Protein chains: 2
Amino acid sequence: MNAANEHFRRYGYNKTTVADLARAIGLSTAYIYKFFESKQAIGEAVSAAALGRIIAELQKIVVQKKSAAERLRAIYQRLTRESAALFFNERKLHEIVITACSEAWRPISDYEEAMLGLIRELVAEGREKGEFERKTPIEETCRAILQTMELCWSPRLLERHLDDLEERAAVMANLVLRSLAP
Amino acid sequence: MNAANEHFRRYGYNKTTVADLARAIGLSTAYIYKFFESKQAIGEAVSAAALGRIIAELQKIVVQKKSAAERLRAIYQRLTRESAALFFNERKLHEIVITACSEAWRPISDYEEAMLGLIRELVAEGREKGEFERKTPIEETCRAILQTMELCWSPRLLERHLDDLEERAAVMANLVLRSLAP
């Protein structure tokens, strides 16, 4: 996995074959196929790891001792920064995420499911403490918030808005927080 | 323009050269270059026309005699339907819009500018009539709403969410309207 990660990072996912990868690692193609049934399976493992690291960062925010509003705002900011870092510093990983999105790989739906879980936790807590309104069905609220987060992490949208990512995220967090007001 | 439109619609933008286009229309390449300085210029004219038709539809909603909230909701719905129609019925035009987005062509920024104008009109009217809150700087509010509309029209996001486009748009309109409540 680490070797595949390193190899994709340097040469990119699209241009690498399983044979290239095997050669670089010093293993036989047959041996690699024992663990991964296809190149896509390797790409999925690599992207799942990258997205998992972002979720872990967001999870750290959720458990902080701050108001639900502050934590939600911090999540927009952190999600934007981590996604932009993937674009600026880990360009090849960013390319894998683009492929993962356009081919609807499993790690993308897992990523959104995990994000939805974090949103649910924060919204439920905010509602309980009277910080957020309680009239709207919570599932609708959380799914709409998840949609707005796609504006922060979607690799294609990131590419379109590189100039003002952080400002856009802040403005979006503000709108969402206004929508949550009791 | 009509001939180019027709040609791109059938054969796609990416695979067509100006020479192909000239041959299909029965004109010389030199003659076409009198009017358009490049293939991209033709693609821009075609995409500007397609996006202009969508703006015209939204404009019809803005002038209706309904509450600002109802009109804003209708805009999310119409924008989603028109963008999906481009995807389902005008696949080649949809491809041009993808290229226009990824290469940041002028018609895309014009499109967003026009959409922002419509949002400003509705939000200002809603504020004046006491339907919407007035505390948030209006420009921030409108820019955040514009961001959420990209969830409805962005060709890449459309492709990801074909199964439930209309429901997603309705849920997003609800969130935005909650954020606008006085």
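Everything numeric in this text was worked out from a predicted model, so none of it was measured.
The contact between Arg160(B) and chain A is made entirely by side chain atoms (from C-beta outward), counting heavy-atom distances below 4.5 Å. Residue Ser154(A) touches chain B through its side chain alone, counting heavy-atom pairs closer than 4.5 Å. Ile145(B) touches chain A through backbone and side chain together, each having a heavy atom under 4.5 Å away. The contact between Thr136(B) and chain A is made entirely by side chain atoms (from C-beta outward), counting heavy-atom distances below 4.5 Å. For Arg168(A), the parts lying near chain B are the backbone and the side chain together; criterion is any non-hydrogen pair under 4.5 Å. For Glu159(A), no part sits under 4.5 Å from any heavy atom of chain B, backbone or side chain. Residue Leu177(A): no heavy atom, backbone or side chain, is found under 4.5 Å from chain B.
With no hydrogens or angles considered, no side-chain donor-acceptor pair links Glu167(A) and His161(A) at under 3.5 Å. No donor-acceptor contact under 3.5 angstrom links the side chains of Tyr33(B) and Ser28(B), judged on distance only. For the residue pair Glu70(B) / Ser67(B), a side-chain donor-acceptor distance below 3.5 Å is found, with atom types taken as modelled. Using a 3.5 Å distance cut-off with no hydrogens or angles, the side chains of Thr141(B) and Arg127(B) do pair a donor with an acceptor.
Here the NE2 atom belonging to His7(A) is positioned 8.0 Å from the CD1 atom belonging to Ile25(A), to the nearest 0.5 angstrom. The structure places CG of Leu151(B) at 11.5 Å from OG of Ser83(B), a figure rounded to the nearest 0.5 Å.
Counting non-hydrogen atoms of neighbouring residues, nucleotides and ligands closer than 6.0 angstrom, the CD atom of Glu37(A) reaches no more than 12 such neighbours.
In terms of non-hydrogen atom pairs under 4.5 Å with chain A, the most contact-rich of Arg178(B), Gln147(B), Glu140(B) is Gln147(B). Between chain B and the options Ser102(A), Ser179(A), Ala104(A), Ala181(A), the largest number of non-hydrogen pairs under 4.5 Å is found for Ser179(A). For the options Thr148(B), Leu180(B), Leu175(B), Val176(B), heavy-atom pairs under 4.5 Å to chain A are most numerous at Leu175(B).
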